[in-house]
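Each residue takes its place number in the sequence, starting with 1.
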Amino acid sequence: MRAGVIANPASGRDTGGRHAGRVKACLEGRGVASLDLTGATAADSAQSVRDAARLGLIDLLLAVGGDGTVHAAVDALAGTGVPLGIVAVGSGNDIAREFDLPIRRPEESTALALDLFASCDSRPVDAMEVSSRGVAHRALAVVSAGIDAAINLRTNSLAWPPGTLRYVRGALATLRGFSPYGVRVEVDGRAAAGLATLVAVANTKYFGGGMNIAPPADPGDGLLDVVVAKDLSTVQILALLPRLYSGGHVAHPNVHVLRGRRIRICDVPGLGAPAPIAMADGEVLGPPPVDVRCLPGALELLA
């Protein structure tokens, strides 16, 4: 058995490297050879994983970090058949939460992944092909294209406070002077344009450190859930934010959930404020138009 390992090269105080060291020690204790594929950037790591998978150098990959590290792993592995184990030691860990995996327990996560691999018990899950202006990537969790994306981008620029409180701080800063976006959303060829506040395409339920953005989402059903909140005032947004944790926001009369396999989100100049930079799994995707396509069963997950 040969296990590739990637960690977050940008994690503070080298926490990514420290946790990766614990994972490698656990692999060594189980008699498993490890190959460190962490690059200088997430893109470099993903390319190293692609090359290792193509050359048959690894039998499985362990992603040691948060959702951004998992995103890089999914971008590289989707469609290769090489299974992915998640060692969730990040701040949000929404993907690990989706699959009920251990959080901030690297030795336990590593042992679980190895046991599942040894018993040939990986789980096929859907992935997403996401693209902005022709540049395509693979993602696993949620594509954000409304105020959810703007908050995500703002939160990523903040160093404190940790966890969910940082997301709340980012949300409050984003709401200052907020105006709804003019967008056109197309789901499997059916399209509608108007003012929108939140636009999320979800393969899994969680984002933002535990917010249940898409309660019905199932990463094994071959469909994506599109959550759209129409024109909301700042006061309405603030009232709705706490309900995101329970999933109760979907009962709001201005929130709609659609389902489909192919989604396109476009900016409509003049209709409202320009749509923000879109995010995928908490990482920058790019400006609209944004295309999202479900890839049924494209990822083998050790979960």
Side-chain angles (χ1 to χ4, degrees), residues 1-11 14-90 93 95-96 98-127 129 137-141 219-220 281 283 295-303:
M1 191 189 304
R2 299 160 299 172
V5 178
I6 60 169
N8 180 3
S11 61
D14 195 31
T15 54
R18 178 164 48 84
H19 287 304
R22 294 170 66 181
V23 168
K24 291 173 191 174
C26 185
L27 292 171
E28 183 178 352
R30 296 277 293 260
V32 178
S34 65
L35 179 61
D36 192 338
L37 299 171
T38 304
T41 66
D44 290 339
S45 296
Q47 188 57 54
S48 294
V49 172
R50 287 189 196 95
D51 293 342
R54 176 175 53 83
L55 295 172
L57 300 179
I58 56 174
D59 299 306
L60 72 154
L61 178 73
L62 297 177
V64 186
D67 293 328
T69 304
V70 177
H71 173 76
V74 171
D75 191 22
L77 287 185
T80 68
V82 175
L84 172 64
I86 296 174
V87 181
V89 291
N93 303 306
I95 295 173
E98 170 73 27
F99 296 102
D100 197 26
L101 292 169
I103 293 177
R104 300 187 186 93
R105 303 196 298 275
E107 288 85 1
E108 183 179 337
S109 298
T110 304
L112 174 63
L114 293 178
D115 289 343
L116 289 171
F117 181 83
S119 61
C120 300
D121 200 16
S122 64
R123 170 182 176 180
V125 299
D126 303 339
E129 182 182 76
H137 302 277
R138 306 293 175 88
L140 180 58
D281 298 348
E283 302 298 307
L295 303 174
L299 180 70
E300 290 294 328
L301 188 64
L302 295 167

Has the side chain of [X] got a donor or acceptor atom that lies under 3.5 Å from a matching backbone atom of [Y]?
{"X": "D281", "Y": "L140", "result": "yes"}
{"X": "T38", "Y": "A7", "result": "yes"}
{"X": "S34", "Y": "A3", "result": "no"}
{"X": "R2", "Y": "G56", "result": "yes"}
{"X": "N93", "Y": "G66", "result": "no"}

Of all heavy-atom pairs between [X] and [Y], which one has the smallest distance, and what is that distance?
{"X": "V5", "Y": "A20", "result": "CG1-CB, 4.4 Å"}
{"X": "A73", "Y": "A63", "result": "CB-CB, 4.1 Å"}
{"X": "H71", "Y": "R138", "result": "CE1-O, 3.4 Å"}
{"X": "A88", "Y": "A96", "result": "CB-CB, 3.5 Å"}
{"X": "E108", "Y": "P102", "result": "OE2-CG, 3.7 Å"}
{"X": "I86", "Y": "S109", "result": "O-CB, 3.7 Å"}

### Query
Any side-chain heavy-atom pair from V64 and T69 closer than 4.5 angstrom?
no
### Query
Is there side-chain contact between L37 and I58, with at least one heavy-atom pair below 4.5 Å?
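Yes, their side chains come closer than 4.5 Å.
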### side chain to side chain contact (heavy atoms under 4.5 Å, CB included) against L302, all qualifying residues, sequence neighbours excluded
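Per chain and number, L302 pairs via side chain to side chain contact (heavy atoms under 4.5 Å, CB included) with L60, P83, A113, L116, F117, S122.
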### Task
Determine, step by step, whether I95 and V74 satisfy the side chain to side chain contact (heavy atoms under 4.5 Å, CB included) criterion, reporting the C-alpha distance in whole Å, the side-chain angles of both residues, the deciding distance to 0.1 Å, and the verdict.
CA-CA 11 Å; I95 295 173; V74 171; 5.9 Å; no
## Note on the structure
Between the NE2 atom in H19 and the CD atom in E107, the distance rounded to the nearest 0.5 Å is 9.5 Å
### Derivation of the side chain to side chain contact (heavy atoms under 4.5 Å, CB included) call for N8 and V89
CA-CA 10 Å; N8 180 3; V89 291; over 6 Å; no
#### Entry: Residue that, paired with L299, satisfies side-chain contact (heavy atoms from CB on, under 4.5 Å) out of V82, T80, V125
V125
### Task
Carefully, step by step, assess L62 and L27 under the rule side chain to side chain contact (heavy atoms under 4.5 Å, CB included).
CA-CA 10 Å; L62 297 177; L27 292 171; 4.0 Å; yes
### Task
Run the numbers on L114 and M1 for side chain to side chain contact (heavy atoms under 4.5 Å, CB included), then give the verdict.
CA-CA 9 Å; L114 293 178; M1 191 189 304; 3.6 Å; yes
#### Entry: Test side-chain hydrogen bond (donor to acceptor under 3.5 Å, both in side chains) applied to R30 - qualifying residues, sequence neighbours left out
D115
### Query
Hey, are D51 and S48 close enough side-chain-wise for a donor-acceptor pair under 3.5 Å?
no
